[in-house]
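In this text, all values refer to a predicted model and were calculated from it rather than measured experimentally.
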Amino acid sequence: MALCFEPRRLLALACLASVYAYAPLAQAVPSFAEVQQGFRSSETRVLSREGELLQRVRTDATVRRGDWVALADVSPALRTAMVLSEDRRFYEHSGVDWAAVTAAAWGNLWNQRTRGASTISMQLAGLLDDDWRRSNSGRSVVQKAGQTVAAQVLDRRWSKTQILEAYLNLVPFRGEMVGIDALSRSLFDKAPHGLDDREAAVAAALVRAPNARPQQVGQRACGVLKDMRRDTSVDCDAVIFFTELALKKRAFEASEGIAPHFSRIALREQRQAKEPAAKRTQAVASFRTTLSAPLQRFAVDTLRQHLQELRASNVQDGAVLVLDNASGQVLAWVGSSGVLSQAQEVDAVLAPRQPGSTLKPFLYGQAIAEHKLTAASLIEDSPARIPTASGLYIPQNYDRSFKGWVSVRTALGASLNVPAVRTLVMVGVDDFFDQLNHLGMPMRESGSYFGYSLALGSPEIPLLQLTNAYRALANGGRYSEVVYSPNGKPQFRQALDAGAAFVVGDMLADNNARVRTFGTSSVLGTRSWAAVKTGTSKDMRDNWAIGWSDRYTVGVWVGNASGDAMHSVSGTSGAAPVWASLMGFLHQGQPSRAPQPPAGVQTRWVEFGDAPASQPGAGYALEARRQEWFLPGTEQAVFALDARSTGVDSLPAPRSANEAVQTARILAPANGTIVAVDPDIPPDRQRLQFVADTPSARWQMDGKEVARGARWAWLPWPGRHQVELVSASGEVLDSIRLEVRGAGVKQSKR
């Protein structure tokens, strides 16, 4: 055979023998379909429930391959460049270019430098067999002989189109890059069909010398470009400069798409789901998840648009989670705001943050389940001084004012803090802590660590666990883990009484119950039925809106991954608009319907007694007559106060005006009170209530008269202050000291 042409007959015989030795091996050359099916990208394609591409995630760190590219999707310039550079007679020979082999043999005989004789078919044969791949020392004569036979077999069994297509997808280009898709996206940031003649020349030059210096690659690319254009006047300096810039690029991101954080979780779950442990490291070309691509895109766009509007309020980050109530499947997962964030890799769906008032529904639900309260029960919203091991705990309300006696429905809907703390005293800190754990919100510390602040959301809980706990309320108190696979099945357990969960949902869906704090035109009021709760952590670091409809549970968080405080962001201006938009999108074609009550839960008309004299609206009913839901055995028709109920802790009996001048006292707040400015409050409503036992009181703060009357609402300002109650003659009748901590609250402009 011509390949074995040598002046020495012995070597020729050895070559001929090697050809026959490799003949059986050549019969094992794979088909084109087998090679294509065996191709594995270094990226795994994470698909939506609809089959759309959500994310490409690199899962093979040893090599960088893109997708298999059909020859029709490769630019004509690249096909031309590759043939001119590697195998000019590619379409003429039958796998081996015997003319080139003969020329190479003569060149070796006379020590002349000639063009290599290896064809594209021969190179492909080497790529298909590890034993034939080129090593640092080159191939042996025997390996070349076997490669020659395999190339001819390939040419007989495969079409030229198939050979060139497979070659372009399997050939190494530079470093870890293998195949034209990885090269095109890495160096030129475009698909292979878009490569121009200059880019194609660089690609062809890299095949011959993948690890050469950029200048050498550029010089060779210039030669290829001259052949392609049939123009010797090509500016080689410009080509070299272009090549050097291209070789510095790495535009092919390790992960790209609209669900980067979810994809990491889904990949982990997919690997763990494989039964044989040995298979967990094998690459998977693609797999389908539970995420909805249209919903995910809408969630990403809505969150980013809203955060753009909040940039002036020092808000960078956010997260969104949407769960299917029945199946527990994750329908949308937005872990960060992307380019708006300085911590894009942080998955805020999994990051522990303080939930603020979003824990209150579970607290009231437990109290209702234990028959300690009903939705119509009256609970006192007045200054509370609760002794603890570290001193007095004095909770404040959303708007720095006290409403007096209110129903549980109003207390939850208006997000009143003091009634929540009183409810926790009633339920017990440890019991509520256990209830939160049972709802899938484990905490590292004990209940006693948080104390009564547990009612106001002092622990740190991720959005994933918090949203899934709300999903338990949507499912009648039944809890199950979230599901990432379309084939996953939820395993439910009863975590809260079904009747209590229903009553809590009814209260959170009541727009009238929110009026006292959020007004009549709150963004929380949706077109169809939905239950929702907002919350903000201390120092305004986190803002939440979490709620559910008949089919979906949606959780939204906004804040800063760095922990920086937001500026003037309330429960309805932070996360709530995103939540409302998502609920509107989810139910644009099918309105949500209110759930049916569980067996035994019934309604009854209830009436409320008159407000006490110490409360605004004295002499009138505390709340309007209405129908209310009750658990079996807790029904009651009238809710009224006895004669001893005053609305302020330890409030003494009223005195005459003359007596009050002599014995006037400051009833609230207590001496030594420390007030932390609550971030979950509209700035223009953050007022601290001062109460005296005489209507003729004169108030002084830090030596200056500031108000007159039995009640005075003050806008807190950081610092230590002395408050005095003085007579008309200036005599100090009573005084207290207090401290305000946190950022100052400025009156909003009207």
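Gln366 has its side chain out of reach of His438: every pair of non-hydrogen atoms, C-beta onward, lies at least 4.5 Å apart. At least one side-chain heavy atom of Pro459 sits under 4.5 Å from a side-chain heavy atom of Leu454. With a 4.5 Å cut-off on side-chain heavy atoms, Arg514 and Val532 count as touching. Glu460 places none of its side-chain heavy atoms less than 4.5 Å from the side chain of Ser537. Between Val320 and Leu463, the closest side-chain pair of non-hydrogen atoms is not below 4.5 Å. Put simply, the side chain of Leu323 reaches to within 4.5 Å of the side chain of Val482, judged on heavy atoms. The shortest side-chain heavy-atom distance between Trp557 and Arg353 falls under the 4.5 Å cut-off. The shortest distance between side-chain heavy atoms of Leu295 and Leu582 falls below 4.5 Å.
Ion pairing between a basic and an acidic side chain is recognised when a charged N comes within 4.0 Å of a carboxylate O; Arg409 and Asp510 show such pairing. Salt bridge status for Asp67 with Arg56: present, with a side-chain N to carboxylate O gap under 4.0 Å. Between Glu628 and Arg626 there is a salt bridge, since at least one side-chain N of the basic residue sits less than 4.0 Å from a carboxylate O of the acidic one. Ion pairing between Arg471 and Glu481 fails under the 4.0 Å rule for side-chain N and carboxylate O. At a threshold of 4.0 Å, the pair Arg593-Asp550 does not count as salt-bridged, since none of the basic side-chain nitrogens sits closer than that to a carboxylate oxygen.
Here the closest non-hydrogen pair linking Leu307 and Gly318 is CD1-N, 3.8 Å. Counting all heavy atoms, side chain and backbone alike, Gly335 lies closest to Ala319 at O-CB, 4.3 Å. The two residues Arg65 and Phe39 make their nearest non-hydrogen contact at CD-CE1, 3.7 Å. In terms of heavy-atom proximity, Ala375 sits nearest to Ser407 at O-CB, 3.9 Å. In plain terms, the two heavy atoms of Ala565 and Asn560 that are nearest each other are O-ND2, 4.0 Å. Across all their heavy atoms, Asn417 and Ser357 have their closest contact at OD1-OG, 3.9 Å.
Heavy atoms from other residues, nucleotides or ligands lying under 6.0 Å from CD of Gln342 number 12 at most. Sparse packing is recorded around CZ of Arg311, with 12 or fewer heavy atoms of other residues, nucleotides or ligands lying under 6.0 Å away. More than 12 non-hydrogen atoms from other residues, nucleotides or ligands lie less than 6.0 angstrom from CD of Gln627. Applying the 6.0 Å contact sphere to CD of Gln596 captures no more than 12 heavy atoms from other residues, nucleotides or ligands.
Side-chain atoms of Ser458 and Ser453 include a donor-acceptor pair closer than 3.5 Å. A side-chain donor from one of Thr410 and Glu623 sits under 3.5 Å from a side-chain acceptor of the other. Side-chain contact, Glu256 with Gln55: no donor N or O sits under 3.5 Å from an acceptor N or O. With hydrogens and angles left out, the side-chain atoms of Ser415 and Lys533 include a donor and acceptor closer than 3.5 Å. A donor-acceptor contact closer than 3.5 angstrom links the side chains of Ser292 and Glu50. Checked by atom type, the side-chain pair Gln316/Ser341 shows no donor-acceptor distance below 3.5 Å. Thr59 and Thr44 are linked by a side-chain donor-acceptor pair at a separation below 3.5 angstrom, with hydrogens and angles left out of the test.
Distance alone, capped at 3.5 Å, places no donor-acceptor pair between the Arg45 side chain and the Ser286 backbone. With Asp381 contributing its side chain and Lys403 its backbone, the two residues share a donor-acceptor pair below 3.5 Å. Between the side chain of Tyr552 and the backbone N or O of Leu331 there is no donor-acceptor pair closer than 3.5 Å. Under the 3.5 Å distance criterion, the side-chain polar atoms of Asp73 are left unmatched by any main-chain donor or acceptor of His193. A donor-acceptor distance shorter than 3.5 angstrom exists from the side chain of Asn543 to the backbone of Ala575, with no hydrogens or angles considered. Between the side chain of Asp347 and the main chain of Ser336, no donor-acceptor pair closer than 3.5 Å is present. A donor-acceptor contact shorter than 3.5 Å is absent between the side chain of Ser522 and the backbone of Gly525.
From Leu436, atom CG reaches atom CG of Asp431 across 11.0 Å, with rounding to the nearest 0.5 Å. In this structure, Trp529 CH2 and Met583 CE are separated by 8.5 Å, a value rounded to the nearest 0.5 Å. The line from CG of Leu359 to CG of Leu466 is 6.5 Å long, rounded to the nearest 0.5 Å. The CG atom of Asp301 sits 10.0 Å away from the CD atom of Gln296 when rounded to the nearest 0.5 Å. With rounding to the nearest 0.5 Å, the separation of CH2 in Trp579 from NE2 in His306 is 14.0 Å. Between atom NZ of residue Lys489 and atom OG of residue Ser327 there is a gap of 8.5 Å, rounded to the nearest 0.5 Å.
Taking the ring centre of Trp605 as origin, the terminal cationic atom of Arg625 falls inside the region bounded by 6.0 Å and 45° from the ring axis. Both the sub-6.0 Å distance and the 45° axial angle are satisfied by Arg478 relative to the ring of Phe492.
The aromatic ring centroids of Phe362 and Phe432 lie 6.0 Å or more from each other.
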Before you tell me yes or no, could you show the steps for Glu309 and Arg304 under salt bridge (Lys or Arg N to Asp or Glu O under 4.0 Å), namely the whole-Å CA-CA distance, both residues' side-chain angles and the distance that decides it to 0.1 Å?
CA-CA 9 Å; Glu309 298 172 0; Arg304 290 182 180 174; over 6 Å; no
Take Arg264 and Glu345, measure what salt bridge (Lys or Arg N to Asp or Glu O under 4.0 Å) needs, and give me the verdict at the end.
CA-CA 11 Å; Arg264 291 200 292 260; Glu345 294 301 313; 3.3 Å; yes
Kindly indicate, with the supporting measurements, whether the criterion side-chain hydrogen bond (donor to acceptor under 3.5 Å, both in side chains) is fulfilled by Gln590 and Arg551.
CA-CA 10 Å; Gln590 184 177 359; Arg551 296 182 58 190; 3.0 Å; yes
Step by step, work out the salt bridge (Lys or Arg N to Asp or Glu O under 4.0 Å) result for Arg185 and Asp189.
CA-CA 4 Å; Arg185 297 183 186 279; Asp189 196 18; over 6 Å; no
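Using cut-offs of 30° and 60° for the angle between ring planes, the Trp333 and Tyr484 rings count as tilted.
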